[in-house]
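As the structure is a prediction and not an experimental result, all values here were calculated from the model. Residue numbers begin at 1 in each chain, while the letters A, B, ... track the order of the sequences.
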Protein chains: 2
Amino acid sequence: MELDQAFRSAALRPTAQRYAVLEFLAGHPVHATAEEIFRAVNRDDPRASRATVYNNLRSLAKAGLVREVMSEGKAARFDANLRRHHHFICERCGAVEDISWFDLPPSAGRVALGGRDVSNYEIVFRGACEGCRDAQPEQGAK
Amino acid sequence: MELDQAFRSAALRPTAQRYAVLEFLAGHPVHATAEEIFRAVNRDDPRASRATVYNNLRSLAKAGLVREVMSEGKAARFDANLRRHHHFICERCGAVEDISWFDLPPSAGRVALGGRDVSNYEIVFRGACEGCRDAQPEQGAK
DNA sequence: ACTCAAGTTAGACAAAATCTATATTTAGAT
DNA sequence: ATCTAAATATAGATTTTGTCTAACTTGAGT
């Protein structure tokens with residue numbers, strides 16, 4: 001499976017717990033919180049303590065197999081989508097969706113960025129997702 | 001002062017505590033955490049409890065005068081939202097800097113965004129800020 | 001089999017945010 | 001000016017999120 005591949009190329013030991021964390025994230029592209037991952041991993045067998053989940057999220061992140069995505073709520077969220085992508089946040093239902101990658105025109109922001117050395121960027125869009133857009137346009141009063 | 005203006009147009013009561021929170025954020029564009037705001041506000045007079053600071057950050061955010069900016073650490077960070085802007089995060093020193101606003105070309109991402117209704121967006125750049133770029137290129141071992 | 005380092009663990013701890021119940025302030029009516 | 005209802009503020013308890021510690025387990029290399 002390609003997860004083994006990922007571990008090998010990252011020179012990271014694929015322990016049962018670590019594997020389970022990565023497997024969950026790879027199979028659930030929903031930007032799970034550490035707590036959700038903890039519960040999911042413990043539903044199946046290789047039990048992992050909270051500390052282990054946090055430890056592994058950190059080692060996976062350091063190896064580049066997972067990344068912590070910025071989020072508005074208090075709990076950190078993680079993502080195993082290794083392809084570059086942008087994000088869309090629905091302001092009505094709170095869903096966070098991946099947007100497939102497109103480049104900014106090379107000139108964009110050249111002036112605004114001044115002497116900074118940009119190695120990466122990401123666009124975060126906000127608005128109404130398809131589901132919410134089709135629902136009640138505003139719900140009047142409340 | 002323009003803050004009164006802001007309160008009036010948001011139909012939000014400018015209580016001493018609320019005013020102090022907004023004033024601090026407007027005067028310190030550094031993406032403060034709630035804790036920093038709490039301490040700053042209590043250095044001067046109108047003392048505010050922690051709960052009040054959180055309450056006011058939320059009411060100000062709902063009124064659009066302030067916004068919670070996404071951040072990597074665990075503590076939420078806030079920004080007085082008087083001008084639209086992008087962000088730059090230095091991957092070496094962790095600084096978060098504001099980048100003056102520029103629009104995305106209207107066609108950008110049209111396909112990738114599908115049927116979503118975008119009402120706003122923000123670009124987050126990463127890399128080395130001017131200070132870090134000029135410092136040691138990598139620092140060898142560590 | 002023995003050793004050492006990496007990994008895991010439970011639970012204590014700390015930090016960040018929210019909640020609760022009460023007190024205070026304010027805007028508007030009288 | 002006084003009263004009342006709604007909005008706001010408060011201290012402290014509580015919950016949620018994340019980190020730390022110290023003991024235990026595992027496995028690769030010898």
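- In the set D/dG18, C/dT9, C/dT8, the nucleotide with an atom closest to the side chain of A/Thr15 is C/dT8.
- Nucleic acid contact class of A/Arg50 (heavy atoms, under 4.0 Å, all strands): none.
- The side chain of B/Ala75 approaches C/dA16 more closely than any other nucleotide in the set C/dA16, C/dT8, C/dC19.
- Cation-pi geometry between A/Arg84 and A/Phe102 is not met: the NZ or CZ atom fails to fall both under 6.0 Å from the ring centre and inside 45° of the normal.
- An OP1 or OP2 oxygen of D/dA9 is reached within less than 4.0 angstrom by a side-chain nitrogen or oxygen of B/Asn56.
- Between B/Gln17 and D/dT10, a side-chain N or O to OP1/OP2 separation shorter than 4.0 Å is present.
- In the set C/dT9, C/dA16, C/dT18, C/dT18 carries the atom at the smallest distance from any side-chain atom of A/Lys74.
- Per the geometry, CZ belonging to B/Arg18 stands 5 Å off P belonging to D/dT8, to the nearest Å.
- Nearest to the side chain of A/Arg13, among C/dC19, C/dG7, C/dG11, sits C/dG7.
- Rounded to a whole Å, the CZ atom of B/Arg58 is 16 Å from the P atom of D/dA7.
- We find that CG of A/Asn42 is positioned 13 Å from P of C/dT8, with the value rounded to whole Å.
- Atom CZ in A/Phe7 sits about 17 Å away from atom P in C/dA6, given to the nearest Å.
- Taking the screw axis at each terminus of the helix from C/dA1-D/dT30 to C/dT30-D/dA1 from five consecutive base pairs, the angle between the two is 20° to within rounding of 10 degrees.
- Distance alone, capped at 3.5 Å, is enough to place a donor-acceptor pair between the B/His85 side chain and the B/Arg83 backbone.
- Among D/dG12, D/dG18, C/dG11, the nucleotide with an atom closest to any side-chain atom of A/Ala34 is D/dG18.
- Whole-Å rounding puts the A/Tyr54 OH to C/dA10 C1' distance at 15 Å.
- Contact check, A/Thr52 against C/dT9: a side-chain N or O comes under 4.0 Å of OP1 or OP2.
- We find that CG of A/Leu12 is positioned 11 Å from C1' of C/dA6, with the value rounded to whole Å.
- Here C/dT9 is the nucleotide among C/dT9, C/dA17, D/dT10 with the atom lying nearest to any side-chain atom of A/Asn55.
- Within the 3.5 Å criterion, the main-chain N or O of B/Phe38 finds no donor-acceptor partner in the side chain of B/Arg50.
- Criterion: ILVMFWY side-chain heavy atoms under 4.5 Å apart, direct or through other members. Under it, B/Tyr121 and A/Trp101 are part of a common hydrophobic cluster.
- In this structure, A/Asp79 contributes its side chain and A/Asn81 its backbone to a donor-acceptor pair below 3.5 Å.
- Judged purely by atom type and a 3.5 angstrom limit, B/Arg133 has no side-chain atom pairing as donor or acceptor with the backbone of A/Arg116.
- Distance CZ (B/Arg8) to P (C/dA27): 13 Å, rounded to an integer number of Å.
- Ion pairing of A/Glu122 with B/Arg126 is absent here, as no side-chain N (NZ or NE/NH1/NH2) approaches a carboxylate O to less than 4.0 Å.
- Neither OP1 nor OP2 of D/dT8 sits under 4.0 Å from any side-chain N or O of B/Ser59.
- Side-chain contact of A/His31 with A/Asp98: a donor-acceptor pair under 3.5 Å is present, judged by distance alone.
- To the nearest angstrom, P of C/dA16 lies 14 Å from CD of B/Glu68.
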